[in-house]
Amino acid sequence: DAGVIQSPRHEVTEMGQEVTLRCKPISGHDYLFWYRQTMMRGLELLIYFNNNVPIDDSGMPEDRFSAKMPNASFSTLKIQPSEPRDSAVYFCASSSNGGADTQYFGPGTRLTVL
Amino acid sequence: DAKTTQPPSMDCAEGRAANLPCNHSTISGNEYVYWYRQIHSQGPQYIIHGLKNNETNEMASLIITEDRKSSTLILPHATLRDTAVYYCIVAIISNFGNEKLTFGTGTRLTIIP
């Protein structure tokens, strides 16, 4: 399996622009997680899905952030409008059901908002 | 509030065993101990997990004290590629699958040639 795939790997945009990050989980995994990592705050969970349904979005910082999972093989994290403080590395991870399972992380998207 | 306490950094000589400690004195009976690591610029990578018994896999061993208030991750023969930040996490695994993992600041392990 190719693992968790994220695109783009790098994104540079200007403040106020819309940003869309994409994730393809490992086939057969029914949990999908979005994380954000910064030097100041470390690795934070933003939201996670189970069977395409959002389960916990308490980590989403504010209404400018939204996430969708239209099907089992695709998810997006959208920021609109983007701000410089959104600059971070965004990771997507997936895992399968069945008790003590592990999360497999993608390579991340490095977002820079100017 | 932090559920685990780890030293911020450690060094280990290449070829020696690296022993990374973790305190989780408030762990509850249904919480597992997970270890992940993050090599620079990559996503975190699962290493091992356990409930109360010691565990071993191809990457590492996990030793959990009998009272479960602390654990040690052991990399038996550290290589330069083991240089990374190591995260110790406690998490409940529900009947519905794995719960969310809360990453702390971890231990930055540097393997010295």
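So that the names make sense, note that chain A is the first sequence line, chain B the second, and so on, each numbered from 1.
- For the residue pair B:N23 / B:S25, no side-chain donor-acceptor distance below 3.5 Å is found, with atom types taken as modelled.
- Applying a 4.5 Å heavy-atom cutoff, none of the residues of residues 67-90 of chain A approach chain B.
- Contact record, B:P44 with B:F103: CB-CE2, 4.2 Å, taken as the closest heavy-atom pair.
- The salt bridge (Lys or Arg N to Asp or Glu O under 4.0 Å) pairs that include a residue from residues 16-29 of chain B number zero, where partners must be two or more places apart or lie in different chains.
- Taking a 6.0 Å sphere around CZ of B:R68, one finds it holds more than 12 heavy atoms contributed by other residues, nucleotides or ligands.
- Under a 4.0 Å N-O distance rule, the pair B:E31/B:K3 qualifies as a salt bridge.
- Interface residues of residues 35-45 of chain A toward chain B, defined by a heavy-atom distance below 4.5 Å and sorted by number: A:Y35, A:Q37, A:L43, A:L45.
- Taking 4.5 Å as the limit, some side-chain heavy atom of A:F105 sits within range of a side-chain heavy atom of B:Y36.
- The interface of residues 106-114 of chain A with chain B, defined by heavy-atom distances below 4.5 Å, comprises A:G106, A:P107.
- You'll find the side chain of A:F33 stays beyond 4.5 Å of the side chain of B:L101, heavy atoms only.
- In this structure, CD1 in B:I39 is found 7.5 Å from CG in B:D82, a value given to the nearest 0.5 Å.
- Here CG of B:L73 is found 5.0 Å from CD1 of B:I47. Values are rounded to the nearest 0.5 Å.
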